[in-house]
Every structure is written in structure tokens, then in C-alpha cells.
Amino acid sequence: MHWADVVAEKLLESGSEHVISSGITPSGPIHLGSMREILTADAIVKAVNDKGGKARLLYVADNADPLRKVYPFLDEGKYKELVGFPLAEIPAPKGDESYDQYFLRPFFEALERVGVYPEVVNNYQFYKEGKFEECTKRIIDQTETARKILETVSGRQLPKNWFPWTFKNNDGRLCTGKVTKYDWPYVTFENDNGEEVTNNMAKGEGKLPWRLDWPSKWKVLEVTFEAFGKDHATKGGSYDTGKEIIEKILGSKVPHHIVYEWINLKGKGAMHSSTGLAIPAEEMLRMAPPEVIRWLIMQPQPNRHIDFDPGLGLLNSVDKYDRTEKDFYDKKLEENSARAFELSQIESLSKNKPQVLPYRHLVTLTQSKDGNDEIIATLRRTGYIDKLDRNGRKRLETRTKCIEEWLEKHAPESVKFVIQKEPPKIEFNKEDLKRINQLREKMSEVGWTPDEIHDSFYELQEASKTPAKEYFRIMYSVILGKEKGPRLGFFLATMERDFVTERLGTY
RNA sequence: GGGCCUGUAGCUCAGCUAGGUAGAGCGUCCGGCUUUUAACCGGACGGCCAAGGGUUCGAAUCCCUUCAGGCCCGCCA
């Protein structure tokens, strides 16, 4: 059984209504690795609903968290002064938005493209509205229990004067301090400068520290399941302490969970937005069809890491997805693969097998043709499609757009080419010039279809006892100015015969 | 120091939740097809399931130990 269904069945044993939670601290560009979390959660929502349950998907933006440091992608001068302020209160690197929205907005747009529509929880707003009042008060009332849990479970020592609240200093920064007076909902503390500052905890002046904030969210949002990264899953980590806090202090149930692994950039290591080694989710979605992104995450077990190669590997992933799709409709897939495919669909599964054009051909056409109409006309002329239905057209448009972006950003040089408008200046030797003549004759008489053109190269090979490779090389050279290129039969057939013969004639 | 995950064919992985004769794709080799930015069709080769022990009539699967790799935690979230 697919992992999403395994989890869903477990959840349904304890009730039919579920709240599946997911979230992030929007401290930088939200990358593909972060997307694994919400897509994992989304798969479970779908699985629960498919089995007759009712599940909601939440996405918590932890925008009450402070800016921890000046990340490499930030302007040092501008942000040095802003370290310590909640992400929701500081300006974005560009534009008029706040910092958190600047990073969240494109991510949510990306989520729509992969068909994920979560209910967004604005954590900062929640604090302001006093949503955590009850939890905060309970924890403060049982400070000693909370302290004991944190100390024994995590094995760390808390300061003597520990108070379960991260204060808001008189300059607006979050900080620690020594409590001098407490009278719910007010707490007064002494800051580093020896000044006394009073926070109204019911109005979001300050926040709960993370290890208390998380279980409080579980309680307030009635979360029954959460997928989180391995960083939270370590023994004595925030999940372990959160479990105790919610059971012993907040009087609620511990959500079920699964732990997912990181997505590594092939050959470079784990993605981290803080180091800049990451591909933002929205960039990813401009480069690859959304169903393929989903599929990359639905296919493997969540606890396995994914090596992601944005170069040639991405091309292979799309090809593999297409083959999987074909096998799905031909009913040749095993249970788990079929389910992974279903869960990868953006909209409902189409009943009929969609029209598939080889992605590699599109990579060629995108570089040699001007716009989708020309591409479609060429595909029709070369016999790859007969008629394109509406979905087929939509799919093609999405894909050519992805390919353009991919070619620009991550494609390896080996797949890129430019049709030379002017004949490249090449000094061919005598033999080559002879072959060029042979080629020109052949090209002017051969049937102008991919197969016939392709075959003609082997006819030349037979007739001249020269390896076909030589003819390929010449053809690529005169058209692209490089010795390799796309599969020639198809490639030449996409061009006008006259263009090809004239070009050969200039040498 | 502690923890989690992974280890199955040359490579990438499925199978393990619920034990019952080891699977797929790619690669290799052979055959077919006039064959290339990583073509297609058919077939074959290929594995003491990391090692050791235990439970069992029976273990890739469950338990224990060891080894190897990856990562996380011991600041913050």
C-alpha cells in the first residue's frame, strides 16, 4: 500500500475528521525541500478523503519568529539593524511588502500550480488576536512542570529564572530577560540595559518559545497529523518535548506524524535557504511540469532522501513521468506506482490517456521554432500529432514554457543549440566538401519525413563506405556550428528542405 | 556524545507495515531493426538481500549485535 494510504488508514482508526498541519518559518526563499513537507501532507489529506474521511490542510506561517541573522542573500547594511524583529514586522528585500509575505507569496502561488490549497494560518496574527492566551496561561501556571519536561526530555538546563515567554523589548526586538513582575496577562521583565518593560501576552507582545509554541498550535488548531523534517524528530527534540507538553500541560492529544527526509541537490548536498544552496519552489515550477514535481515526491517513501538533479536529470524525470503515465493507462503499473501517479495529478484524473509528445522533441522544437503555433504546425507536418485536443494544447503550452525556463537556467550545454542564421565559417577539407555535395543531392531528393531523412544518412553510408557519423557531424556543423545536436531525422524534418539544401550549397 | 534513516543485480530503486521459491528500469551481452543530443523490439547474463547471531516448519521481511554511508540534535527554529 502507498505510504499516504497507510497513514490515512491509521488516522481513520481514531476518527473520521482530521486536521493535517504543515508549516514553515519564512526566513528566506522557500525551496523544493520545503515543498516536500506540504506535498507529503497534501497526499495524506487526499488519501484520508479518498477513504471517506474528512481532512483539512493547514499551512502555518511562523512569521512571529524573529529574523535570526543576516542571511547571505540579504543586504548587510539594511538588515543588520533588523535582526531580532518578527519577520512579519520588517520590510522585504524589495518592494513594499513585509519580509514574511515577500517569501510566502510566491510559494503560495507555486502551491496553487501543484494543486495544493491550504488554509493559511498567520501565526503572528494569531498571537495578536490572543489565540494562544489559554495555552500561554496554562503553561505559565505550570512553569515548573514545563521546565521539568524540557529539562528531562531534551537534557538541557534552563536558567534559574526561566519564564516560558520570549519577550518583546521596548525597541520591538524579541529578547530574553529577568521577570520582575507577573500578573496575567502582563509580565514585566528587566532587559539588558536594566530597563523594565511590560508585555501584554494576550496581545502578542512577545511569543512562546518554539518548543512550547508548537504544541500550542497543535492544541489551538486541533491538529491530528503533521509531517515534519528530521530536524524536529531527533531524540529529545521538539517533537519529543511537544508530546509531553500537550499531554501533561495543555490536556490535548498528540498528533500523529511522519518524518520526511531532505531533498539534496545532486552532487551538492541538502538544500538550505539560509546558505543559498537551494532552488526556490517557484523557480522549480517554472522549469518542470507541476505533475512531475508532485510525482517526484509521491513516488519514494518519505523517509528516503531524494537526489535532485536540475540539469539533464530533470529531463529524464519528465520522460520517466510520461512513461509512467502511459503505463498507468495501459494498466501496467504496480499498486504503489499507480497510486503515486494518481496522487501526482493536479486536477482529477483524466479518464482517457492524454496525448503525449516526446519531451525531448519539445526541447528541440522550443529551440528551433518560434512559438507554440509553429511548434504544433511542425509536429503535425512531421506526423507526430494528428489533432491536438484542448488538454493536449494546454499541456504543450505549459511544457514549452518550462523548457524555455529550464534551457535558460539549468540545462546542460550539450542539449542547447542555436540554428545559425548565417552559414558558419568552416574550412572543410576536400573529403568533407565531397560529402557536403552528396548530402545536398540526397537532401534534395529524399522524402521530407523524419524516418526517410534519417534513413538517407545510412544510404549515404552504404554508397560511400563512409561512416554515417561523418555525415552527421557535417550536417550539425553547417546548421548549428557545433558537431553534435538533436536527433537529425526529426530535427531536419522540422526545417524547410530548401533551407537545408541552400545551406549545404554555400560550402 | 546521542538519535534517525539507509544498505537488495554494475547503477537507481521496489518488495519489509501483516514472514511463504528474489523483482523492475537502466547498463552489459546476444539476436532483430539502416542505429546518435541517453532510439526501438525480443532474449540472456547478473544477487549468501551489508555481516553475524536469534525467533520460526519457513526470514530480504520480526528481534539483538556489528560494520558502512547519509543526515539531524547537543545555538535558534
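For the numbers below, each heavy atom of this structure counts, side chains included, while hydrogens, waters and symmetry mates do not. Numbers restart at 1 for each chain; the letters A, B, ... are given by sequence-line order, proteins then strands.
- In terms of phosphate contacts, A:Gln301 brings a side-chain nitrogen or oxygen within less than 4.0 Å of OP1 or OP2 of B:G15.
- No salt bridge links A:Glu291 with A:Arg294; every basic N to acidic carboxylate O contact stays at or beyond 4.0 Å.
- Although no hydrogens or angles enter the test, the distance criterion places no donor-acceptor pair under 3.5 Å between the side chain of A:Lys207 and the main chain of A:Ala64.
- Atom CD1 of A:Ile453 is separated from atom P of B:U35 by 14 Å (rounded to the nearest Å).
- Contact annotation: A:Arg304 side-chain N/O to B:A14 OP1/OP2 distance is under 4.0 Å.
- Residue-to-nucleotide contacts include no donor-acceptor pair under 3.5 Å from the side chain of A:Thr234 to the base of B:G74.
- A distance-only check finds a donor-acceptor pair linking the side chain of A:His18 to the backbone of A:Gly15 [under 3.5 Å].
- For A:Lys230, the side-chain atoms get nearest to B:C71 when compared with the rest of B:A18, B:A77, B:C71.
- Across the protein-nucleic acid pair, A:Trp3 atom CH2 and B:A14 atom C1' stand 16 Å apart, rounded to whole Å.
- Of all nucleotides listed (B:U35, B:U37, B:C5), B:C5 comes nearest to the side chain of A:Asn303.
- Contact between the side-chain N/O atoms of A:Arg156 and the OP1/OP2 oxygens of B:C76 is found at a separation under 4.0 Å.
- No side-chain heavy atom of A:Glu244 sits under 4.5 Å from any side-chain heavy atom of A:Lys148.
- If you measure from atom CZ of A:Arg36 to atom P of B:C71, you get 15 Å, rounded to the nearest angstrom.
- Between the CH2 atom of A:Trp262 and the P atom of B:C72 there is a distance of 8 Å, given to the nearest Å.
- Side-chain nitrogen and oxygen atoms of A:Asn264 include none within less than 4.0 Å of the OP1 or OP2 phosphate oxygen of B:G70.
- Here A:Asn336 reaches the OP1 or OP2 of B:G15: one of its side-chain N or O atoms lies under 4.0 Å away.
- Between A:Glu261 atom CD and B:G7 atom C1' the separation is 14 Å, expressed in whole Å.
- Annotation: the span from A:Asp100 atom CG to A:Leu67 atom CG amounts to 11.5 Å, rounded to 0.5 Å.
- Between the NZ atom of A:Lys235 and the P atom of B:C5 there is a distance of 13 Å, given to the nearest Å.
- In terms of position along RNA chain B, the nucleotide closest to A:Asn316 lies nearer the 5' end than the nucleotide closest to the other residue of the pair A:Asn316 and A:Trp210.
- In this structure, A:Gln461 reaches neither bases nor backbone, as no heavy-atom distance under 4.0 Å exists between it and the strands shown.
- In this structure, the CG atom of A:Leu365 is 14 Å from the P atom of B:U37, given to the nearest Å.
- Here A:Leu315 lies out of heavy-atom contact (under 4.0 Å) with every strand.
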